[in-house]
Amino acid sequence: MADGSSFYVTTPIFYVNDVPHIGHAYTEVATDVLARWHRQAGDDTWMLTGTDEHGQKILRTATANGVTPQEWADRLVSSAWLPLLQTVNIANDDFIRTTEPRHEENVQRFLQKLYDDGHIYTGEYEGHYCVGCEEYKQDADLVPGTGEYAGQEVCAIHSKPVELLQEKNYFFRMSAFTQRLLTLYEERPDFVQPESARNEVVSFVRQGLDDLSISRSTFDWGVKVPWDDSHVVYVWFDALLNYITAVGYGVDEEEFARRWPAHHIVGKDILRFHAVIWPAMLMAAGLDVPRGVFGHGWLLVGGEKMSKSKLTGIMPEHITDTFGSDAFRYYFLSAISFGSDGSFSWEDLSARYHAELANGFGNLASRIITMIERYCDGSVPSVAVLTDADAAISALEKTVTDASWQAINRCAIHEAIAAVWELVNALNGYLTTEQPWMLAKNPENRARLETVLAVAYHGLGTLAVLLSPILPTAAAKLWSALGAAGLVQEQRIDRAYQWSVGTRVAQLAGLFPRIEAVE
RNA sequence: GGGGCGGUAGCUCAGCUGGUUAGAGCAGCGGACUCAUAAUCCGCCGGUCACGGGUUCGAACCCCGUCCGCCCUACCA
């Protein structure tokens with residue numbers, strides 16, 4: 001059960017130069033559902049998201065567009081990234097930008113401490129640098145170029161030439177933490193989830209870690225290295241620190257102690273930064289490592305991974321404009337086992353929308369509310385004598401409440417939804433079996449009719465509470481149609497079946513109307 | 001080269017440390033019902049569990065090998 005303890009959960013901060021696609025929205029939605037669920041269970045919850053705004057790529061794009069990098073970042077944050085949160089209905093508690101003083105100042109504070117404590121040294125680095133990747137590439141990462149770059153070695157990811165750079169760099173002695181990291185993975189098997197992601201990380205660290213170059217002097221769009229302002233901090237080193245600068249690191253010890261450590265939800269492509277580099281940085285600074293790092297899978301479109309660099313992404317609005325934000329949230333979290341890759345297709349989305357949301361849940365709500373209006377004049381009925389069938393519904397309400405909460409505690413979002421859906425299906429079956437419309441034809445069956453409708457009504461309310469994190473809009477509409485008091489998101493989800501019934505139902509517009517033509 | 005993950009009904013996927021006739025959802029087919037968003041409920045159809053060996057009383061699950069897909073990592077150059 002929830003005990004009011006701290007639950008701090010983060011998304012990665014997104015690189016503002018990218019265009020938001022459904023992969024970004026997927027990460028946001030998954031994290032938001034975990035946060036909403038914990039919040040609704042009474043945990044001291046905090047959800048953080050934000051944007052990563054430094055680095056050479058942004059500087060170059062801004063210059064090409066004739067504006068300062070700060071102006072460029074401002075523009076993208078307001079035109080693309082904040083709207084994304086609205087599009088998929090994210091209830092984040094904070095939004096951090098790496099260009100904010102609260103971040104930059106404390107990145108410097110963190111770095112200075114590592115420097116003072118001997119974790120940083122001066123070195124020389126030479127290598128092939130890919131501007132697109134913001135990192136030096138190994139030879140193996142290079143492939144022969146084609147087309148206009150024929151004859152040159154190009155980055156395998158961006159298919160653009162790399163640059164041979166040599167610079168004085170400051171290095172973080174990450175190699176010194178190899179053993180401590182392995183011990184961490186050993187002692188806390190769930191530190192990296194899922195299992196497949198953990199295996200990758202462990203085998204990587206077992207090969208031994210190199211020290212990490214953490215500064216750049218070839219451009220200046222970044223956080224200044226405090227003891228050498230001719231260098232700026234490497235963008236990843238800078239970015240990772242958002243997780244602590246956003247909750248008071250260095251300035252508000254009370255807040256920091258209350259929130260940290262966090263659960264990090266990330267795409268598996270950036271797992272290593274979060275499961276290796278980041279804990280090593282924290283160890284060096286004498287801070288707690290995260291509670292856990294969960295690497296979710298990729299969305300596959302036509303069997304291929306969506307790529308942020310190659311713009312094969314689908315915009316979230318394409319989906320929400322037709323199906324709504326609730327459907328977006330439901331679809332990606334129920335259809336994909338959280339942690340695995342998942343296939344997206346319009347056909348599958350449409351099929352699941354109609355089968356599960358429209359015909360399953362939406363229609364269930366509609367038939368129950370309508371019958372109470374028609375047979376009870378809208379007045380919420382109460383139970384008389386309970387049959388086994390009635391008791392089975394009540395028992396199931398508790399079962400799925402417990403099962404879904406347990407699943408959420410394992411980050412098994414899809415399992416939580418599947419558990420709740422057992423109640424949706426059971427209630428549809430219950431109505432078919434009990435046939436309240438038949439009972440209504442004979443006044444002698446009045447008590448039984450009211451009992452059946454009361455049981456169904458109660459189950460529907462439990463669904464509203466349980467589905468609130470996933471379908472916040474629909475759940476709120478349903479809650480109000482049920483005539484229940486307060487806001488649905490304020491109802492304790494870990495005991496959803498104990499909600500307080502209302503006295504009168506109100507008309508309910510279709511929660512998930514059928515959608516006839518899909519592009 | 002080393003390593004990881006995966007290859008299960010038309011589609012998307014479950015199948016924990018091996019144990020009776022391999023499961024679900026969707027799609028398809030048939031029936032019941034009418035409160036409801038032409039919705040719901042029931043039943044049926046449907047698989048040589050990538051392939052070849054092996055271990056075992058018994059393997060989708062363990063071992064060896066092969067093929068295919070994706071990913072991580074190295075190196076020769």
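Every chain is numbered from 1 and lettered A, B, ... according to where its sequence line falls, protein lines coming before strand lines.
- Checked against the 6.0 Å centroid threshold, A/Tyr330 and A/Phe361 do not count as a close aromatic pair.
- Between B/rC49 and B/rC61, the two C1' atoms lie 10 Å apart (nearest whole Å).
- No side-chain donor from either of A/Gln491 and A/Ser468 sits under 3.5 Å from a side-chain acceptor of the other.
- Whole-Å rounding puts the A/Asn359 CG to B/rU37 C1' distance at 7 Å.
- We find that CH2 of A/Trp298 is positioned 6 Å from C1' of B/rC71, with the value rounded to whole Å.
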Step by step, would you call A/His458 with A/Thr462 a side chain to side chain contact (heavy atoms under 4.5 Å, CB included)? CA-CA 6 Å; A/His458 195 274; A/Thr462 297; 3.9 Å; yes
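- B/rC33 and B/rC26 are spaced 22 Å apart, taking the P atom of each and rounding to whole Å.
- A/Gln507 places its CD atom 14 Å from the C1' atom of B/rU37, with the value rounded to the nearest Å.
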Treating primed atoms plus P, OP1 and OP2 as sugar-phosphate and everything else as base, which nucleotides of nucleotides 8-15 of chain B get B, S or - for protein heavy atoms under 4.0 Å? ----SS--
Verify side chain to side chain contact (heavy atoms under 4.5 Å, CB included) between A/Trp37 and A/Ile470, making sure each step is shown before the conclusion. CA-CA 9 Å; A/Trp37 208 299; A/Ile470 312 282; 4.2 Å; yes
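- Shown are A/Val488, A/Val33, A/Asn89, A/Ile90; of these, the side chain to side chain contact (heavy atoms under 4.5 Å, CB included) with A/Pro472 is made only by A/Asn89.
- Residues of residues 427-442 of chain A that place a heavy atom closer than 4.0 Å to RNA chain B, in numerical order, are A/Asn428, A/Gly429, A/Thr432, A/Trp437, A/Met438.
- When the P atom is compared between B/rG54 and B/rA14, the two are found 30 Å apart, to the nearest whole Å.
- A/Trp346 places its CH2 atom 19 Å from the C1' atom of B/rC26, with the value rounded to the nearest Å.
- Here A/Phe14 pairs with A/His24, A/Trp81 under the ring pair (Phe, Tyr, Trp, His ring centres under 6.0 Å) rule; sequence neighbours left out.
- For A/Trp479, the ring pair (Phe, Tyr, Trp, His ring centres under 6.0 Å) partners at least two apart in sequence or on another chain are A/Trp499.
- The distance from atom CG of A/Leu357 to atom P of B/rC26 is 13 Å, rounded to the nearest whole Å.
- Comparing the C1' positions of B/rG23 and B/rG47 gives an interatomic distance of 11 Å, to the nearest angstrom.
- Taking atom C1' on both B/rG52 and B/rA9, the two are 23 Å apart, rounded to the nearest angstrom.
- Look at NE2 on A/His354: it is 12 Å from P on B/rU40, rounded to the nearest Å.
- Nucleotides of RNA chain B nearest to A/Asn425 and A/Gly510 differ in position, and the one nearer the 5' end is that of A/Gly510.
- Side-chain contact check for A/Pro316 versus A/Tyr26: every heavy-atom pair is 4.5 Å or farther apart.
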Taking Watson-Crick (N1-N3 plus N6-O4 or O6-N4) and G-U wobble (N1-O2, O6-N3), each under 3.5 Å, can you produce the dot-bracket string of RNA chain B? Use [ ] for crossing pairs and | for inter-strand ones. (((((((..((((.....[...)))).(((((.......))))).....(((((..]....))))))))))))....
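- Listed by first and then second residue, the salt bridge (Lys or Arg N to Asp or Glu O under 4.0 Å) pairs that reach into residues 196-209 of chain A come to none, sequence neighbours excluded.
- Spacing of C1' atoms, B/rG10 relative to B/rC72, comes out at 34 Å, to the nearest Å.
- Listed by first and then second residue, the salt bridge (Lys or Arg N to Asp or Glu O under 4.0 Å) pairs that reach into residues 314-341 of chain A are A/Asp32-A/Arg329, A/Lys268-A/Asp341, sequence neighbours excluded.
- From A/Ile369, atom CD1 reaches atom CZ of A/Arg374 across 13.5 Å, with rounding to the nearest 0.5 Å.
- A straight line from CG of A/Leu511 to C1' of B/rA39 spans 14 Å, rounded to a whole angstrom.
- When the C1' atom of B/rC71 is taken as reference, atom CZ of A/Arg272 falls 11 Å away, rounded to whole Å.
- The minimum heavy-atom distance linking A/Ser480 with A/Ala506 is given by the pair O-CB, 4.2 Å.
- A/Asp238 contributes atom CG, which lies 5.5 Å from atom NE2 of A/His54 (distance to the nearest 0.5 angstrom).
- When the ring pair (Phe, Tyr, Trp, His ring centres under 6.0 Å) test is applied to A/His414, no partner is found at least two apart in sequence or on another chain.
- Rounded to whole Å, the C1' atom of B/rG15 lies 13 Å from the corresponding atom of B/rA59.
- Near RNA chain B, meaning a heavy atom under 4.0 Å from it, residues 372-385 of chain A has A/Arg374, A/Tyr375 in order of number.
- Nucleotides B/rC41 and B/rA60 place their P atoms 33 Å apart, quoted to the nearest Å.
- Picking from B/rA38, B/rC35, B/rC72 the nucleotide with the shortest atom distance to the side chain of A/Arg514 gives B/rA38.
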Using atom names, set out every protein N or O paired with an N or O of nucleotides 1-6 of chain B below 3.5 Å, distance rounded to 0.1 Å.
none

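- Side-chain N/O atoms of A/Asn363 and base N/O atoms of B/rA39 include no donor-acceptor pair closer than 3.5 Å.
- Residues A/Ile493 and A/Thr401 come closest through the heavy atom pair O-CG2, 3.4 Å.
- Applying the ring pair (Phe, Tyr, Trp, His ring centres under 6.0 Å) criterion to A/Phe328, with sequence neighbours excluded, gives A/Phe332.
- Residue pairs that meet the salt bridge (Lys or Arg N to Asp or Glu O under 4.0 Å) test with at least one member in residues 415-442 of chain A, sequence neighbours left out, are A/Arg410-A/Glu415, A/Glu434-A/Arg448.
- Aromatic rings from A/His119 and A/Phe177 are positioned such that their centres are separated by under 6.0 Å.
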